[in-house]
Each structure stands twice: as structure tokens, then as C-alpha cells.
Amino acid sequence: LVPAAGGQMFRLSLEAGRFMAPLESSSPGLNRVSVCAATGLVAAGGEDGFVEIWDMRAKRRASRIHALDARANPARGSAPEAGCEVTSLLLDSGAMTLVTGASDGHAVVHDIRSSRPRLTVDHRSDEPIGSVRLVRPQHPGASPLLMTADRTSIRFWDRASGALFTALEPGCGINDVVLAGEAAVA
């Protein structure tokens, strides 16, 4: 799956060696795609802040939500900028969770069964969020974490409260983050 400008997501069949009919999005352009092999769901984040979820078994769009609209979360201190884009995306089947990173430095966590955000965090750097990951606790009783990264820092947040757990600020730019070990990634 390849997200593209013009609101299409191109599908390439490696078995047949050819392109298949693209999925048509209502967004003007798509930035990120996340695939959940366990459920057959595909999420695509757009330039307009919307995330569309397709059920590949039925070959149709199952949902479309404005993933960056945090007005439903009164605990949040600031609202996303107009024209905010989806810059990172994670669709996790184990927790039925959609995590969306935004071009204004915010990350939003949704339960995929609801259009209302469960958690919103702010990097306070105005840099686009480039990576989002869910981190499973390694010790009994430890809280699950949300990892977000922009160009300047990597931050770990408590998934339940949104409290900052820790932040790493290397002296160089960050492009992407991969957590080592399958046990670390939820």
C-alpha cells in the first residue's frame, strides 16, 4: 500500500506482480498508512487531519474520523492548528487503538470503536510527530507507555494519564524510532 497525493492509496500485488485498483480517499492527499494484519484493517492519515479505516476483507471504507480534532477532550490545554496534517500513524489490534501524530507536534490516541480521543499529548516544539509506538510494560504493575518522536526529542508518556514519563533529546535530528525487541512493542 502506497499513500499518495490526490487522495488515492495504491495497492501493489506482489504475487501477481501488478498494481491493483487504488483505494479512493476523501482526503486531498494521504501521508501515512498503517496495516493491522490481525484484523485486516488499514488506516490512512490525510493532509486534512482525517484518518480513514478500510476493511480489506470487504474492500470498503469502514470509518472516517477527524483524528486530530481534540475539541471532544476538554482536559487538553490547546487545540490543533487549522490545516493540521497526519504525519505518523499506528493501528494496533491488541489494544484496539489508533495513535495519530500531527504536524503541529501533538499526538492523539483513540479507541478505534469511538471517534472521541482517549488521550492527547503535546510535544510543545511545533515540530511534526514522525514516530508513534505503543510500549508494553516490562514489569508487573508497570504502566503501559506511549512513545512519540519529533525531529528534536523522543518522549514516553503514561498511556492512562498522559503524564510525561521521560524525554530524550539527542544532539542530532531524529528521523524515525524503532524499539528493539518484539516484547517492547505492543
Side-chain angles (χ1 to χ4, degrees), residues 1-12 22-56 58-73 76 78-123 125-135 146-151 154-155 157 159 162 174-179 185-186:
L1 296 169
V2 181
Q8 292 183 323
M9 187 167 27
F10 295 104
R11 301 183 305 150
L12 174 64
L23 298 174
E24 299 290 333
S25 168
S26 299
S27 294
L30 298 174
N31 293 335
R32 292 291 183 135
V33 170
S34 181
V35 177
C36 180
T39 62
L41 297 176
V42 173
E47 293 175 353
D48 56 359
F50 280 87
V51 172
E52 295 176 325
I53 299 175
W54 281 274
D55 184 344
M56 296 308 291
K59 304 283 191 277
R60 66 176 180 83
R61 186 172 69 191
S63 178
R64 176 176 163 87
I65 62 169
H66 195 291
L68 305 179
D69 183 8
R71 288 176 285 192
N73 186 355
R76 183 185 156 118
S78 59
E81 298 175 5
C84 193
E85 298 183 22
V86 174
T87 56
S88 59
L89 193 61
L90 174 69
L91 183 59
D92 178 68
S93 66
M96 297 296 283
T97 301
L98 173 71
V99 184
T100 308
S103 59
D104 68 351
H106 292 92
V108 182
V109 179
H110 282 89
D111 180 312
I112 64 171
R113 298 163 290 195
S114 171
S115 63
R116 298 176 62 98
R118 208 171 17 175
L119 175 68
T120 301
V121 296
D122 185 355
H123 262 241
S125 67
D126 295 327
E127 292 282 341
I129 301 296
S131 296
V132 291
R133 304 282 187 272
L134 297 176
V135 183
L146 166 66
M147 189 276 317
T148 59
D150 63 13
R151 202 175 62 77
I154 302 168
R155 296 177 188 239
W157 313 84
R159 255 196 275 180
I174 300 167
N175 292 322
D176 196 9
V177 177
V178 176
L179 300 174
V185 181

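All heavy atoms count here, side chains included; hydrogens, waters and symmetry mates do not.
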>> Which residue in the set Leu134, Val135, Val109 passes side-chain contact (heavy atoms from CB on, under 4.5 Å) when paired with Arg159?
In response: Leu134

>> Let me confirm one number: the CD-CH2 distance from Glu24 to Trp54, rounded to the nearest 0.5 Å.
In response: 9.0 Å

>> So, taking the atom named OG1 in Thr39 and the one named CE in Met96, what distance separates them when rounded to the nearest 0.5 Å?
In response: 7.0 Å

>> Test side chain to side chain contact (heavy atoms under 4.5 Å, CB included) on Ile112 and Leu41; report intermediate values, then the result.
In response: CA-CA 11 Å; Ile112 64 171; Leu41 297 176; 4.1 Å; yes

>> Testing the basics here: between His110 and Arg118, what is the closest heavy-atom pair and its distance to 0.1 Å?
In response: O-NH2, 3.9 Å

> Is the number of heavy atoms from other residues, nucleotides or ligands under 6.0 Å of Asn175 CG greater than 12?
Replying inline: no

> Is any side-chain heavy atom of Met9 closer than 4.5 Å to a side-chain heavy atom of Pro22?
Replying inline: no

> Are a donor atom and an acceptor atom from the side chains of Arg61 and Ser26 found within less than 3.5 Å of each other?
Replying inline: yes

>> Using salt bridge (charged side-chain N to carboxylate O under 4.0 Å, His left out), reason through Arg133 and Asp92 one step at a time and then give a plain yes or no.
In response: CA-CA 9 Å; Arg133 304 282 187 272; Asp92 178 68; over 6 Å; no

>> So Thr100 and Arg32, do their side chains get closer than 4.5 Å, heavy atoms only?
In response: no

> If only atom types and distance count, is the side chain of Ser34 paired as donor or acceptor with the main-chain N or O of Ala43 below 3.5 Å?
Replying inline: no

> How many angstroms lie between atom OG of Ser103 and atom CG of Asp150, to the nearest 0.5 angstrom?
Replying inline: 12.0 Å

>> Please report the interatomic distance NE2(His106) to OG1(Thr120), rounded to the nearest 0.5 Å.
In response: 7.5 Å

> Looking at Val108, Val86, Leu30, which hits side-chain contact (heavy atoms from CB on, under 4.5 Å) with Val51?
Replying inline: Val86

> Within a strict 4.5 Å, meaning less than it, do heavy atoms of the Pro128 and Glu85 side chains meet?
Replying inline: no

> Only one of Val177, Val132, Ile154 forms a side-chain contact (heavy atoms from CB on, under 4.5 Å) with Thr148, so which one is it?
Replying inline: Val132

> If you round to the nearest 0.5 Å, how far is CG of Leu1 from CG of Leu23?
Replying inline: 7.0 Å

>> Any non-hydrogen side-chain atom of Glu47 less than 4.5 Å from a side-chain atom of Ser27?
In response: no

> Where do Gly162 and Val121 come nearest, in terms of heavy atoms and distance?
Replying inline: O-CG1, 4.1 Å

>> Tell me whether Ser88 contacts the main-chain N or O of Ile129 through its side chain, where contact means a donor paired with an acceptor under 3.5 Å.
In response: yes

>> To check you understand the geometry: which heavy-atom pair defines the closest contact between Ala149 and Ile174, and what is its length?
In response: CB-CG2, 4.5 Å

> Can you tell me how far OG of Ser63 sits from CG of Leu98, rounded to the nearest 0.5 angstrom?
Replying inline: 9.0 Å

